[in-house]
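The next block holds one structure in the form of structure tokens; read it before the comments.
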There are 2 protein chains.
Amino acid sequence: MKTISVSKAKEFAEEVGIAFEQTGLPRMAGRILGWLLVSDPPHQSMEQLTNTLTASKGSISTTTRLLIQHGLIERISLPAVRHDYFRLRSDTWQHMIGRGLTGEIIMFRQLAERGLGLLGEKTTANSKWLKEMLNVYTFLEQEFPALLERWEKEHQKDLQTVKQSR
Amino acid sequence: MKTISVSKAKEFAEEVGIAFEQTGLPRMAGRILGWLLVSDPPHQSMEQLTNTLTASKGSISTTTRLLIQHGLIERISLPAVRHDYFRLRSDTWQHMIGRGLTGEIIMFRQLAERGLGLLGEKTTANSKWLKEMLNVYTFLEQEFPALLERWEKEHQKDLQTVKQSR
DNA sequence: TACTTTGTTCAGTATTGACAAAACATATTA
DNA sequence: TAATATGTTTTGTCAATACTGAACAAAGTA
């Protein structure tokens with residue numbers, strides 16, 4: 001029976017921190033997510049978070065609120081327990097994808113529109129370029145959700161397979 | 001005949017700057033891209049860039065090099081002209097997509113793998129979650145290029161339509 | 001060879017933003 | 001009401017980094 005190494009888990013939390021920093025969230029947000037991804041149990045109190053991540057209460061408090069607003073984690077409370085716990089939401093990856101990928105697609109589609117609006121009716125090398133950009137991102141904006149739906153369907157099958165193999 | 005407003009174009013460059021900042025590039029990189037998207041002519045000298053963006057030579061020099069490395073712009077030189085020009089590459093949007101969307105997909109797929117590696121064989125609430133995450137991002141990593149190829153095919157058709165309508 | 005034009009590199013500055021620490025607020029138990 | 005536990009908000013500090021400005025390099029012109 002292999003027990004998970006806490007120090008390795010902390011390293012992992014740091015890595016996730018770096019990764020999420022690249023997506024625009026504060027590093028601490030990624031650290032919390034990273035830890036919640038591998039912590040046992042999957043729900044952790046604020047005290048546990050401050051200890052394992054060696055961060056201040058204030059930082060954890062602010063960042064957990066941010067993550068809750070983004071729909072990535074949720075606060076849970078147990079009866080007869082003073083403090084709350086945080087855990088990943090079951091649909092966190094949907095939100096991650098929506099915030100990152102879908103958000104970027106929409107942003108660039110809007111930029112292309114604005115740029116074309118500036119150029120007006122004139123057809124220049126630039127307008128040709130911008131039209132192509134608008135074209136791609138509009139396409140992605142339509143097709144990307146369809147792609148995710150396709151995954152969900154295939155995923156349903158996977159789950160059934162898992163059930164059968166029990 | 002509507003002439004493009006320079007001040008509006010500068011505003012646009014600033015907006016693109018903000019947008020690209022969110023994707024991890026320096027703001028100045030986005031400003032340059034934004035200006036090149038609407039400037040007339042589509043190729044601009046370093047002096048023109050320093051003037052319109054009110055930025056220092058050094059900043060433009062450093063940032064154009066960065067953009068060239070990323071494959072987003074290219075340096076062009078005209079015969080009998082001392083200075084060089086910069087312009088968008090025709091395949092810039094492919095690089096934008098690759099850097100942003102594809103990169104993010106790969107990054108998160110790798111994170112899920114690392115997390116699962118940490119948990120080992122144990123099946124917990126977390127491992128179930130991570131497996132799902134790995135599942136989605138692996139799916140996206142495979143299907144996203146296919147999606148782009150599909151666009152390119154449909155795009156070929158568009159171009160032919162344009163030719164016919166001339 | 002001097003001079004000008006063009007572009008790069010580097011040192012210093014300024015700005016941004018994440019974080020810690022402490023003050024503050026709220027609620028629970030005694 | 002006092003005392004304790006829990007969580008939030010705010011203020012200040014520090015670090016990262018984009019940017020400016022100046023020194024420097026290279027290459028073309030007189």
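Below, chains carry the letters A, B, ... as their sequence lines are ordered, and counting in each starts from 1.
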Between atom CD in B:Q69 and atom C1' in C:dT8, what is the gap in whole Å? 13 Å

Mind checking what makes ring pair (Phe, Tyr, Trp, His ring centres under 6.0 Å) contact with B:W129, not counting sequence neighbours? none

Under a 4.5 Å side-chain heavy-atom rule over Ile, Leu, Val, Met, Phe, Trp and Tyr, are B:I106 and B:F108 clustered together? no

Using a cut-off of less than 4.0 Å, is there contact between a side-chain N or O of B:R75 and OP1 or OP2 of C:dT6? no

Assert: residue with more 5' nearest nucleotide on DNA chain C, out of A:R31 and B:D84, is B:D84

How long is the straight-line distance from CG of A:L78 back to NE2 of A:H83, given to the nearest 0.5 Å? 7.5 Å

Check: B:S56 main-chain N/O paired with B:S59 side-chain donor or acceptor under 3.5 Å: no

In the single-linkage hydrophobic clustering (I, L, V, M, F, W, Y; side-chain heavy atoms under 4.5 Å), do B:L118 and A:L36 co-cluster? yes

Roughly how many Å is it from CG in B:L49 to P in C:dT8, rounded to a whole number? 12 Å

From CD of B:E21 across to C1' of C:dG17 the rounded distance in Å is 11 Å

Working to the nearest 0.5 angstrom, can you tell me the gap between B:L88 CG and B:S39 OG? 7.5 Å

Could you list where the contact with chain A starts and ends along DNA chain D, reading 5' to 3', using a 4.0 Å heavy-atom cut-off? D:dA5 to D:dT9

Would you say a side-chain N or O of A:R27 is under 4.0 Å from OP1 or OP2 of C:dG17? no

Under 4.0 angstrom, heavy atoms only, what part of the nucleic acid is B:T63 near: base, sugar-phosphate, or nothing? nothing

For a quick check, with a 4.0 angstrom heavy-atom cut-off, what is the B/S/- contact string for nucleotides 20-30 of chain C, read 5' to 3'? BB------SS-

Does B:K57 pair with B:E47 as a salt bridge, N-O distance under 4.0 Å? no

Before we go on, tell me: are the rings of A:F144 and A:Y137 under 6.0 Å apart, centre to centre? no

